[in-house]
Amino acid sequence: MLNRVISLPLALLALTACATPNYQNTREVVIDGKRTFVSASATYPGQYFAIEEDASPGVFANRTARNIRAIEAVSGCKVIPGTVEAGLKAIQAAVTC
């Protein structure tokens, strides 16, 4: 279990280190019982990245909806429709307050 707790943040760091924009200030939130890590963009204010801890195969739409809610919970703002870029495990989106 400890390996999973350590490896996920390291994986998130590896993903965000190579990504543009640059993400930082990762926070953790639980949505529908799923732990999700949310990072804010250091390059573009109002842009966020979210990934679930256990992004095992499942219903893609449900995961995307949870990741959107996680971004909104961390940012305190609403995700802007049309800005969501969703992959199989993570999303990137812009918010408006």
Side-chain angles (χ1 to χ4, degrees):
M1 177 66 174
L2 182 57
N3 288 340
R4 283 183 66 193
V5 173
I6 293 171
S7 64
L8 183 63
L10 291 176
L12 180 60
L13 179 61
L15 286 173
T16 58
C18 298
T20 301
N22 181 25
Y23 289 98
Q24 62 185 12
N25 302 323
T26 301
R27 292 187 44 204
E28 178 186 320
V29 63
V30 177
I31 303 293
D32 296 339
K34 303 280 187 177
R35 191 160 73 160
T36 303
F37 298 94
V38 178
S39 300
S41 170
T43 311
Y44 302 105
Q47 192 161 8
Y48 289 81
F49 175 86
I51 185 169
E52 283 185 1
E53 176 183 39
D54 179 20
S56 57
V59 179
F60 176 74
N62 291 344
R63 182 178 302 119
T64 299
R66 283 192 301 269
N67 283 338
I68 288 171
R69 290 183 13 231
I71 288 173
E72 290 176 341
V74 168
S75 69
C77 304
K78 294 298 260 178
V79 168
I80 302 168
T83 66
V84 176
E85 294 180 23
L88 292 177
K89 298 181 178 185
I91 71 165
Q92 178 176 299
V95 298
T96 184
C97 294

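As a basis for the values below, the full set of heavy atoms in this structure was taken, side chains included, without hydrogen atoms, waters or symmetry mates.
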Participant: Is the number of heavy atoms from other residues, nucleotides or ligands within 6.0 Å of CZ (Arg69) greater than 12?
Facilitator: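 Yes, because the 6.0 Å sphere around CZ of Arg69 holds more than 12 heavy atoms from other groups.
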
Participant: Do Thr36 side-chain atoms and Glu52 backbone N/O form a donor-acceptor pair below 3.5 Å?
Facilitator: no

Participant: Taking the side chain as every heavy atom from C-beta outward, state whether Thr26 and Val38 have any atom pair closer than 4.5 Å.
Facilitator: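 With C-beta onward as the side chain, the pair stays apart.
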
Participant: Salt bridge check, Arg35 against Glu28: does any charged N sit closer than 4.0 Å to a carboxylate O?
Facilitator: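 Salt bridge present between Glu28 and Arg35.
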
Participant: So how far is it from Glu72 CD to Ile31 CD1, rounded to the nearest 0.5 Å?
Facilitator: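 Rounded to the nearest 0.5 Å, the CD-CD1 separation comes out at 9.5 Å.
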
Participant: Do NZ/NE/NH1/NH2 and the carboxylate oxygens of Lys34 and Glu53 come within less than 4.0 Å?
Facilitator: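 The answer is no: the pair does not qualify as a salt bridge.
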
Participant: Report yes if the side chains of Ile80 and Val95 come closer than 4.5 Å at any heavy-atom pair, otherwise no.
Facilitator: no

Participant: How long is the gap from OG on Ser75 to CD on Gln47, to the nearest 0.5 Å?
Facilitator: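 The OG atom of Ser75 sits 12.0 Å away from the CD atom of Gln47.
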
Participant: Is any side-chain heavy atom of Ser39 closer than 4.5 Å to one of Tyr48?
Facilitator: no

Participant: Could you tell me which non-hydrogen atom of Ala94 sits nearest to which non-hydrogen atom of Thr83, and how far apart they are?
Facilitator: N-OG1, 3.1 Å

Participant: Measuring from Asn67:CG to Lys89:NZ, what's the distance to the nearest 0.5 Å?
Facilitator: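 The distance works out to 12.5 Å.
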
